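Quick notes on the structure that follows.
Quick caveat, the model's predicted, so the values are computed rather than measured. Note that these values count all heavy atoms, side chains included, but never hydrogens, waters or copies made by symmetry. In this chain, numbering begins with 1 at the start of the sequence shown.
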Amino acid sequence: MKVHSLFVYPVKALSGVEVPAFAMDDFGPEHDRRWMIVDEDRRFVTQREHPELARITTSLENGQVRVEIPGEGAHPLVQTAEELRVLVWRDWVKAVIGEPQANEALSRFCGKPVRFVFMPDSSFRRVDAGRVEAYRRVGFADGFPFLITSTSSLDELNGRLDTPVEMRRFRPNIVIEGTQPWDEDGWQALIIAEQVFSIVKPCSRCVVTTVDPESGIRDPAVQPLRTLSRYRRTADGVIFGQNAIHESTGRIRVGDPVTVKRSE
């Protein structure tokens, strides 16, 4: 088993960036989902309501996040000093607003007023205490710092679909190869290189998996979610991949060996 690919998502709901390696800080993968989009009610905005957000690409250069908005060009995301409390799921979190130019371009693209906001180091959003006893933090990710998937499980799913889908549909951070399909269901802890990851829960999937990452259009046949629901429905929902937390800061790379430390 080894790391097949790695992804970070500098802005929640926008396209990810495939990287050869990433460092891990207290939040999770460095630069991962520290930015988010909010509406006039200060509530988070995602591809669930706006699938067209998939068409906005992101890039990272020396820690600087840039977004390329169709019809609006490229814009760096720069923090201001203005603070704002924002809502992501059930959590109200302190954030800072991004500079107006990118916000205005994004608002024109979305057809409504929206803003980019950033989670500073001074903000603390706790990982679900019902799942993780330790007092751990997470950025604007849905609930946990990492999502781990496997190439074999995607291959097995694609064998059931008329039109195969890319792993990008599932927005993982770490993709592992060299497993049997759905081996990850039994994992409890992994060692990647020298870094330990605790598996917290299966990841329940939503309508975002039906959005084509190139066109930003939902699949009218509700695939691959419809197929997954036929044989991957559990008490946690329709699952693909595993949510995880890291036990320490460090760095992992594509090609790093993966060992199952503990399993059911």
Do [X] and [Y] touch side chain to side chain, with heavy atoms closer than 4.5 Å?
| X | Y | result |
| --- | --- | --- |
| Phe27 | Asp32 | no |
| Pro76 | Arg66 | yes |
| Val38 | Met36 | yes |
| Pro224 | Asp219 | no |
| Gln79 | Trp35 | yes |
| Val260 | Met1 | yes |
| Thr151 | Leu154 | no |
| Leu14 | Phe116 | yes |

Indicate if [X] and [Y] have the same hydrophobic cluster label, given that clusters are the connected sets of ILVMFWY residues with side-chain heavy-atom separations under 4.5 angstrom.
| X | Y | value |
| --- | --- | --- |
| Val127 | Val93 | no |
| Val200 | Leu190 | no |
| Val17 | Ile69 | yes |
| Phe118 | Val67 | yes |
| Val88 | Leu84 | yes |

[X] side chain to [Y] main-chain N or O, any donor-acceptor pair under 3.5 Å?
| X | Y | result |
| --- | --- | --- |
| Arg218 | Arg48 | yes |
| Arg253 | Val3 | no |
| Thr149 | Val175 | no |

- Query: Is it the case that more than 12 heavy atoms not belonging to Glu49 sit under 6.0 Å from its CD atom?
  - Reply: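 Enclosed.
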
- Item | Glu156 atom CD, neighbour heavy-atom count above 12 within 6.0 Å |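 It does: Glu156 CD has more than 12 such atoms within range.
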
Can a salt bridge be assigned to the pair [X] and [Y] using a cut-off of 4.0 Å between side-chain N and carboxylate O?
| X | Y | value |
| --- | --- | --- |
| Asp121 | Arg34 | yes |
| Asp185 | Arg232 | yes |
| Arg33 | Asp142 | no |

- Query: What do the steps show when you test Trp187 against Val258 for side-chain contact (heavy atoms from CB on, under 4.5 Å), and what is the final call?
  - Reply: CA-CA 12 Å; Trp187 295 343; Val258 179; 5.8 Å; no

Quick one: pull up [atom1] in [X] and [atom2] in [Y] and give me the separation to the nearest 0.5 Å.
| X | Y | atom1 | atom2 | value |
| --- | --- | --- | --- | --- |
| Arg168 | Asp212 | CZ | CG | 8.0 Å |
| Ile176 | Asp183 | CD1 | CG | 10.5 Å |
| Phe7 | Glu18 | CZ | CD | 4.0 Å |
| Gln47 | Arg55 | CD | CZ | 12.0 Å |
| Leu87 | Asp41 | CG | CG | 9.5 Å |
| Lys12 | Ile37 | NZ | CD1 | 10.5 Å |

- Set of salt bridge (Lys or Arg N to Asp or Glu O under 4.0 Å) partners for Arg131, sequence neighbours left out: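 Salt bridge (Lys or Arg N to Asp or Glu O under 4.0 Å) check on Arg131 returns Asp236.
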
- Query: Can you name the salt bridge (Lys or Arg N to Asp or Glu O under 4.0 Å) partners of Lys261, sequence neighbours left out?
  - Reply: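 For Lys261 there are no salt bridge (Lys or Arg N to Asp or Glu O under 4.0 Å) partners, ignoring immediate neighbours.
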
Shortest non-hydrogen separation from [X] to [Y] and the atoms involved:
| X | Y | result |
| --- | --- | --- |
| Val45 | Asp39 | CG2-N, 3.7 Å |
| Arg125 | Asp91 | NE-OD2, 2.8 Å |
| Lys94 | Ser123 | O-OG, 2.9 Å |
| Ala95 | Val117 | CB-CB, 4.0 Å |
| Pro29 | Phe146 | CG-CE2, 3.4 Å |
| Val165 | Asn158 | N-OD1, 2.8 Å |

- Parallel, tilted or perpendicular: which describes the rings of Phe240 and Phe170, with under 30° parallel and over 60° perpendicular?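 Judged by the thresholds at 30° and 60°, the geometry between Phe240 and Phe170 is parallel.
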
- Message: Is the ring pair Phe124/Tyr135 parallel, tilted or perpendicular, if the boundaries are 30 and 60 degrees?
- Response: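 Plane angle under 30°, so parallel.
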
- Item | Step-by-step side-chain contact (heavy atoms from CB on, under 4.5 Å) determination, Val65 to Leu60 | CA-CA 5 Å; Val65 179; Leu60 276 167; 3.6 Å; yes

- Could you walk me through whether Met24 and Phe197 pass side-chain contact (heavy atoms from CB on, under 4.5 Å), step by step? CA-CA 12 Å; Met24 298 179 294; Phe197 294 81; 3.5 Å; yes

- Query: Should Glu247 and Ser198 be marked as a side-chain hydrogen bond (donor to acceptor under 3.5 Å, both in side chains) after you check the CA-CA gap, both sets of side-chain angles, and the distance that decides it?
  - Reply: CA-CA 7 Å; Glu247 298 304 318; Ser198 294; 2.6 Å; yes

- Partners meeting side chain to side chain contact (heavy atoms under 4.5 Å, CB included) with Thr163 (sequence neighbours left out):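 None.
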
- Message: I want to know whether Phe140 and Phe44 have ring centres closer than 6.0 Å.
- Response: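 So the answer is no for these two rings.
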
- Message: Under the criterion side-chain contact (heavy atoms from CB on, under 4.5 Å), I'd like the reasoning laid out for His246 against Arg136: C-alpha separation, chi angles, the key distance, then a yes or no.
- Response: CA-CA 10 Å; His246 55 317; Arg136 299 293 301 276; 3.3 Å; yes

